[in-house]
**Student:** 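The structure follows.
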Protein chains: 2
Amino acid sequence: MISTVKIVFFGTGGSWPSPERNLPSVGIQLDREVLLFDVGEGTQRQMMFTSISFMKISKIFITHFHGDHFLGLAGLIQTMVLNERKEKLEIYGPEDSIKQISNFLNLGYYSLSFPISIREIKSGETIDFGDYIVSAVKTIHPVTNLAYSIKEKDKKRISQELMEKYSLNSRDVDTIIKKGFIAKNDAKITIDDISDGTRVGRKIVYTGDTAPCQCIVDLAKNAKYLIHESTVDSSLEEKANEYGHSSSRQAAEIAKKADAENLLLTHISPRYRSSDLKILEEEAKKIFKNTILAKDLMEMLVPI
Amino acid sequence: MISTVKIVFFGTGGSWPSPERNLPSVGIQLDREVLLFDVGEGTQRQMMFTSISFMKISKIFITHFHGDHFLGLAGLIQTMVLNERKEKLEIYGPEDSIKQISNFLNLGYYSLSFPISIREIKSGETIDFGDYIVSAVKTIHPVTNLAYSIKEKDKKRISQELMEKYSLNSRDVDTIIKKGFIAKNDAKITIDDISDGTRVGRKIVYTGDTAPCQCIVDLAKNAKYLIHESTVDSSLEEKANEYGHSSSRQAAEIAKKADAENLLLTHISPRYRSSDLKILEEEAKKIFKNTILAKDLMEMLVPI
């Protein structure tokens, strides 16, 4: 069972970096494991300014192969080698991932010190990682871009009252979760005896790059956090849509349709300086109140 | 003729980045042209915090293909594309450069908008770029690393007194430099008539990675600035030398033997935090007084 879930933005820019924003990369910490979504150039150094260690990354998910979303991958991996990583690293991405990533990892002179697996995911595919499930869908972008949903599995909700009724402590509950039951006064007590409902697992969705897409409405249904790209403000959205990008206003509309709880805007065009960024957040908030414009190095806990 | 020469450090770390230091990259501005030496990951963004525009880079010199020295190249070039560069970019490096760089530039989906040439330089080779000459020598490192010297050509020194003697203004001098002479009172006045000696061209040497090497003493003879790698302090130099690196003390000895005017220490190991860096500078200064430990984003004019 997952306890702590944290979202950390290593880079919230898009296309090319600016002094304020590095290139796209978002970390999702699930207790001691870190999933990394996109690895823009400079991600390994950005991580050093946050609470997340690059050595804790277990899985990397690439949305697509535009340079701003993956050119930090080889540097990150070579730094893991220099720091003597031994644990396997799993990399997931769209079609062409095996070729693109293998070629990237073949650059320069070094030897891998740990195993790496690369798996190409198809749109609509779902992978069960035990405590959580990752699903991917193809978005609207000139090259194949996968949006990812990370969904903690639903669990029986344990009732304190029912625990007391059977005189169980938390260690007993652990036993029930592990074994399926506990013997108490000649009775077998199961999870159903001490549960009073369902604890709905937290869902987080990261779009990568996309024009407004029904696919995100479906993927992000009831998500706790929708991390949606928001390249421009509404005055530029027509052009942005042509290039497979969204405005903050459109991201908000998607969040609303999906009944998401919170919207985090990222992939902000380098054309915006801090002074003229307010418009992106304001335009979104008019449509979807729980909107935050992400900043580099922002960390947020995702409550149960 | 070159007027302004400026050295800018975009990254002064080595192996992997630290919060204080990005990966190796040094810019040398020669008037409106910028030569870039090494392109560690994140260089394009580091440039944005300095006076140097990435669009002004005319030539890139790679010392070797360890990831920390070149993995920022593709991102930089793709950003130049997005900013609609049209001018040719020349890239120089050691053996294997054509394969390494071509493979790197083939990653991801984009189309080049400007021509790129890649030339492999041999140790001992010299290239004449008109106003300046670049020479390269192979250093002591586990993979082929080229150190580069950038030498402004020597020029006749123009004497103000002799200009007055012939009643010449600065425009007349320009004519002499261009045409070889100027006609004045039925006489042909040449550069020799108004010169009282030689203006020695400025020389800057950048080592890339190396254990202490006589090759650098020779290359950096009378250099205005020797930019020498300085991975560790003297307590770790034996191990560093094994891996093809130098201590600050050893860099200072090289600078002294070369009769360089100034020593700039760079490629500092990420093991050092700002508090324990003094020892590197102090150990070098004991041997070579004009030593500066470089910092990221440091800019310095090179006087004539």
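Proteins get letters first, then strands, A, B, ... in listed order; numbering begins at 1 in each. Every value quoted in this text rests on a predicted model; they were computed, and no experiment measured them.
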**Student:** For the interface with chain A, which of B:P270, B:A74, B:P19, B:G42 has the highest count of heavy-atom pairs at distances below 4.5 Å?
**Tutor:** B:P19
**Student:** Can you give me the closest heavy-atom contact between B:P17 and A:Q44, atom names plus distance?
**Tutor:**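 So the minimum-distance heavy-atom pair works out to CD-OE1, 3.4 Å.
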**Student:** I'd like to verify something: which residue of B:S18, B:S15, B:G67 has the highest number of heavy-atom pairs under 4.5 Å with chain A?
**Tutor:** B:S18
**Student:** Pick whichever of B:N22, B:T79, B:V143 has the most heavy-atom pairs under 4.5 Å with chain A.
**Tutor:** B:N22
**Student:** Quick check for you: to the nearest 0.5 Å, what is the distance between B:D68 atom CG and A:Q78 atom CD?
**Tutor:** 8.5 Å
**Student:** Between CG of A:L73 and CG of B:L71, what distance do you get to the nearest 0.5 Å?
**Tutor:** 10.0 Å
**Student:** Look at B:F104, B:Y110, B:F70 and state which one has the largest set of heavy-atom pairs under 4.5 Å with chain A.
**Tutor:**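 Winner by heavy-atom pair count: B:F104.
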**Student:** Could you tell me whether the side chain of A:N103 reaches within less than 4.5 Å of the side chain of B:L107, counting heavy atoms only?
**Tutor:**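 They are in side-chain contact.
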**Student:** Let me confirm one number: the CZ-CG distance from B:R45 to A:L23, rounded to the nearest 0.5 Å.
**Tutor:**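 Between atom CZ of B:R45 and atom CG of A:L23 there are 8.0 Å.
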**Student:** Take atom OH in A:Y243; do more than 12 heavy atoms of anything else shown fall under 6.0 Å from it?
**Tutor:**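 No, the 6.0 Å shell around OH holds no more than 12 heavy atoms from other groups.
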**Student:** Are more than 12 heavy atoms from other residues, nucleotides or ligands located less than 6.0 Å from atom CZ of A:R32?
**Tutor:**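 Result for CZ/A:R32: open.
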**Student:** Looking at B:Y109, I want to see if its OH is surrounded by more than 12 non-hydrogen atoms of other residues, nucleotides or ligands under 6.0 Å.
**Tutor:**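 Yes - once you tally the heavy atoms of other residues, nucleotides and ligands closer than 6.0 Å, there are more than 12.
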**Student:** Please classify the contact of A:L76 with chain B as side chain, backbone, both or neither, using a heavy-atom distance under 4.5 Å.
**Tutor:** backbone
**Student:** Verify, without hydrogens or angle tests, whether B:Q100 (side chain) and A:G108 (backbone) share a donor-acceptor contact under 3.5 angstrom.
**Tutor:**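 Indeed, once roles are kept as given, a pair shorter than 3.5 Å links the two residues.
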**Student:** Identify which of B:F49, B:F65, B:W16 forms the greatest number of heavy-atom pairs closer than 4.5 Å to chain A.
**Tutor:**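 So the answer, after comparing B:F49, B:F65, B:W16, is B:W16.
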**Student:** With a 4.5 Å heavy-atom cut-off, do A:L82 and B:H66 have their side chains touching?
**Tutor:** no
